[in-house]
Amino acid sequence: MNDIKVLIVDDEYLIRNLLKLKINWKDFGMDIVGEASSAREALELIEKTIPDIILADICMPFMDGIEFSKIVLDRFPHIKIVIVTGYDEFEYAKRSIKIGIDDFILKPINSQEIRKVVLDLKYKINLERDKESELENLKIQLKEKLFYELTETKINLIDIKDRFECLKININEKNNFFHVAIIEICSSNSDFLKRDNENVLLIPKVFNDINENFTKKYAKNKSQILSNKLNDFVNIFLNERNKIIILNTSEKIDLIKYCEDIKKYIIDKYNCFVTIGIGNKLKGIENIKTSYQEACKALDYMIVIGKDKIINFCNIYNNYYNENNKWEFESIKLDELIFYMENGLKIRATEIIDNLFSEFTYNKYNNNNKIRLEVFNVLSKFQQLIVKNKNSSNSFQLNSNNYDLIYKIDNIPEFKIYLKEIVYDIIEKMHNADIKKVNRYIEDIQDYLKKNLNDSNISLSSVAQKFFISPSHLSKLFKQETEKTFIKYLRNIRMEKAIKLLRETDLKAYQIADRIGLEPHYLSIIFKKYTGVSINDFRQSQKIN
């Protein structure tokens with residue numbers, strides 16, 4: 001429950017300060033929201049702060065406490081007023097009981113007396129708040145029941161008008177004007193599974209905040225007539241589908257502008273998605289249902305343009321009733337998408353995803369269920385691509401979450417993002433798998449070369465043929481993975497093998513040449529180029545060492 005707001009009015013600073021310091025107001029759940037040195041100053045503060053309790057001196061210049069209290073209670077009957085008076089003024093002060101003063105505090109000010117008065121007032125205010133809250137909740141429930149009947153059942157106009165009057169829903173009999181909007185609130189959590197859980201708590205919280213806070217702030221900026229009766233003109237409640245409904249019955253209120261303000265308020269405070277569908281302005285109670293259905297259809301159009309929008313039915317009327325276009329993904333575009341993915345062309349692949357949805361026109365055939373079926377078709381294509389490349393790597397698979405999330409998404413912009421993320425993931429993992437494959441491929445070739453060094457016929461062409469690859473592609477891969485040409489790599493491992501044999505054996509040069517697949521004369525030439533010394537000099541140096 002909110003703190004009780006207290007305003008102190010006294011022309012003497014010391015008395016005001018004494019009232020503030022005599023007790024710890026926070027301990028009683030109270031907050032001093034202001035102080036004034038005169039009745040005039042206090043009246044301005046009351047408009048801004050709307051206090052629950054006013055402590056007012058009885059003797060003040062220009063206007064005494066009793067006259068001041070009468071003005072306050074005429075305008076704000078809920079405010080509790082306590083007169084601060086001396087013993088010699090008490091008989092005069094008792095006259096104020098007739099105008100609704102709640103209590104007195106006698107000077108000199110006593111802490112015990114203030115505590116007693118404060119506790120009595122707190123009890124009264126809390127009782128009134130509880131009763132007011134119960135009545136407000138009952139009123140909201142009755143409004144929700146009434147609106148459900150207006151939009152979902154046949155109505156008795158005479159009975160409905162009586163119930164409108166009972167619930168203080170203002171109807172201009174001359175214009176008989178109605179306008180409906182529907183607000184959908186959605187958590188901005190990128191985790192779709194967590195988003196649902198957050199929505200359960202978020203929606204009622206936002207609804208209560210709008211009713212308790214937003215309408216008051218909004219009313220302050222409007223004309224006095226609307227400020228006093230805004231809740232009679234603009235009725236806000238929650239329906240059985242967990243959507244917030246706005247029923248406007250005044251032509252003086254621009255519902256579109258009102259929705260823009262309410263959308264900004266919710267987003268700024270809760271950092272969530274807010275989408276609003278607005279029906280047409282219609283006359284006649286019987287047409288509330290039509291305006292509501294139009295608002296529903298406008299909200300459904302979120303499937304095309306995404307969340308965080310205000311959608312007016314009159315702007316999408318032609319789109320909604322275009323039933324000739326039965327949309328589906330073109331198979332040729334799907335084939336292009338798979339081709340670009342296989343070849344690692346991310347940008348082209350994402351362009352295709354945008355193109356897949358470009359022909360979409362919303363109608364009763366082309367809805368969220370239809371889009372989900374088409375997206376399932378795309379995922380099946382992705383799965384085929386993965387299976388096709390399963391020999392490259394088993395590190396990536398589409399799992400049940402990929403399919404479950406499709407049921408959580410409800411608009412094309414999010415479907416596009418979702419598919420692009422999967423495309424990026426598959427391309428990246430296929431690329432990584434290809435790198436690993438090439439690494440293993442080159443390692444196998446290197447191992448083959450080391451084991452067959454004695455083969456004098458070994459060459460780029462013979463190895464390429466052995467491993468079923470073109471010589472040019474093998475040359476390119478070898479250079480890419482080892483940073484050496486095939487010829488240079490083969491020469492290096494032959495020379496390293498020759499050095500090892502010279503160090504560890506007494507083999508003759510021609511015997512070493514035979515073991516590494518070279519002519520003796522050619523070995524001598526290459527060895528000197530590789531080490532800078534002849535074979536004999538190298539062997540002599542090894543003996544000295």
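Computed over heavy atoms, backbone and side chain alike; hydrogens, waters and symmetry mates excluded. Since the model is a prediction, treat every value here as computed from it, not as a measurement.
Under the 3.5 Å distance criterion, the side-chain polar atoms of N368 are matched with a main-chain donor or acceptor of D410. Side-chain N or O atoms of D425 include none that pairs as donor or acceptor with a backbone N or O of E421 at under 3.5 Å. S291 places a side-chain N or O within 3.5 Å of a backbone atom of V180 that can act as its donor or acceptor partner. Side-chain N or O atoms of E198 include none that pairs as donor or acceptor with a backbone N or O of S187 at under 3.5 Å. At distances below 3.5 Å, at least one donor-acceptor pair connects side-chain atoms of N110 with backbone N or O atoms of E113. With hydrogens and angles ignored, the 3.5 Å screen pairs a side-chain donor or acceptor of D10 with a backbone N or O of E12. At distances below 3.5 Å, not a single donor-acceptor pair connects side-chain atoms of D31 with backbone N or O atoms of K5. Judged purely by atom type and a 3.5 angstrom limit, N287 uses its side chain to pair as donor or acceptor with the backbone of K283. Listed for the N248 side chain is no donor-acceptor partner under 3.5 Å among the backbone atoms of E251.
Enclosure of atom CG in L127 by more than 12 non-hydrogen atoms of other residues, nucleotides or ligands within 6.0 angstrom is indicated. Crowding of K116 atom NZ: a count of heavy atoms from other residues, nucleotides or ligands under 6.0 Å not exceeding 12. Surrounding CG of N271 are at most 12 heavy atoms belonging to other residues, nucleotides or ligands under 6.0 Å away. K416 NZ: more than 12 foreign heavy atoms inside a 6.0 Å radius. More than 12 heavy atoms of other residues, nucleotides or ligands sit less than 6.0 Å from atom CD of E351. Other residues, nucleotides and ligands contribute at most 12 non-hydrogen atoms within 6.0 Å of the CD atom of E44.
The CE atom of M60 sits 10.0 Å away from atom CD1 of I66, with the distance rounded to the nearest 0.5 Å. Distance CG/L21 to CG/N24: 10.0 Å, rounded to 0.5 Å. Once rounded to the nearest 0.5 Å, the distance linking CD1 of I256 with CG of D261 reads 12.0 Å. Here the straight-line distance linking atom CD1 of I183 with atom CD1 of I245 works out to 8.5 Å at 0.5 Å rounding. How far OG of S250 is from CD1 of I253: 4.5 Å, rounded to the nearest 0.5 Å. Distance CD1/I303 to CG/D300: 8.0 Å, rounded to 0.5 Å.
Taking the six-membered ring where the residue is Trp, the centroids of F376 and Y407 are separated by under 6.0 Å.
Shortest non-hydrogen contact noted between R372 and I409 is NH2-O, 2.8 Å. The heavy-atom pair separating D102 from K80 by the smallest distance is OD2-CA, 3.3 Å. Summarising the geometry of I203 relative to I244, their closest heavy-atom pair is O-CD1, 4.5 Å, with the distance given to 0.1 Å. Considering all non-hydrogen atoms of both residues, I310 and K263 come closest at CG1-CD, 3.8 Å. Smallest separation of non-hydrogen atoms from F313 and G279: CB-CA, 4.3 Å. When all heavy atoms are compared, the tightest approach of I101 to L73 is N-CD1, 4.4 Å.
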Practice task
Using the side-chain contact (heavy atoms from CB on, under 4.5 Å) rule, take L282 and F177 through it: C-alpha gap first, then chi angles, then the decisive distance, then the call.
Solution key: CA-CA 6 Å; L282 298 172; F177 167 89; over 6 Å; no

Exercise for the section: Check the pair I305 / I311 against side-chain contact (heavy atoms from CB on, under 4.5 Å), numbers first and verdict last. Expected result: CA-CA 9 Å; I305 61 178; I311 309 166; 3.7 Å; yes

Exercise for the section: Would you check, one step at a time, whether the test side-chain contact (heavy atoms from CB on, under 4.5 Å) holds for I185 with Y270? Expected result: CA-CA 10 Å; I185 309 294; Y270 295 97; over 6 Å; no

Practice task
List the steps, then state whether salt bridge (Lys or Arg N to Asp or Glu O under 4.0 Å) holds for R16 with D11.
Solution key: CA-CA 8 Å; R16 296 199 306 271; D11 60 333; over 6 Å; no

Practice task
Tell me, with the steps shown, if K420 and E414 meet salt bridge (Lys or Arg N to Asp or Glu O under 4.0 Å).
Solution key: CA-CA 10 Å; K420 287 175 183 178; E414 284 189 2; over 6 Å; no

Practice task
Verify side-chain contact (heavy atoms from CB on, under 4.5 Å) between W25 and I114, making sure each step is shown before the conclusion.
Solution key: CA-CA 10 Å; W25 293 89; I114 293 178; 4.3 Å; yes

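Using a 4.5 Å heavy-atom threshold, the side chains of V200 and N197 count as separate. Considering only heavy atoms from C-beta on, I53 comes within 4.5 Å of L55 through its side chain. With contacts defined as side-chain heavy-atom distances shorter than 4.5 Å, the pair L43/F68 qualifies. Between Y292 and I182, some side-chain heavy-atom pair lies under the 4.5 Å cut-off. Using a 4.5 Å heavy-atom threshold, the side chains of F178 and T290 count as separate. Within the 4.5 Å cutoff, the side chain of V9 has no heavy atoms near those of the D57 side chain. Side-chain contact between K307 and M302 is present, with heavy atoms from C-beta onward closer than 4.5 Å. In this structure the side chain of I83 reaches within 4.5 angstrom of the side chain of S69, judged on heavy atoms.
In this structure, a donor-acceptor pair under 3.5 Å is present between the side chains of S37 and E41.
Cation-pi geometry between K346 and Y424 is satisfied (NZ or CZ under 6.0 Å from the ring centre, within 45° of the ring normal).
For the pair D120 and K124, the salt-bridge criterion is not met [side-chain N within less than 4.0 Å of a carboxylate O]. Between K408 and D404, no side-chain nitrogen of the basic residue sits less than 4.0 Å from a carboxylate oxygen of the acidic one, so the salt-bridge criterion is not met. Using a cut-off of 4.0 Å between Lys/Arg side-chain N and Asp/Glu carboxylate O, K70 and D74 are scored as salt-bridged. The residues R129 and D52 are annotated as salt-bridged, a charged nitrogen and a carboxylate oxygen being separated by less than 4.0 angstrom.
Just one of Y301, F415, W327 meets the ring-ring contact (aromatic ring centres under 6.0 Å, His included) condition when paired with F360; it is W327.
Under the side chain to side chain contact (heavy atoms under 4.5 Å, CB included) criterion, R115 pairs with I23, F28, S111, Q112, not counting sequence neighbours.
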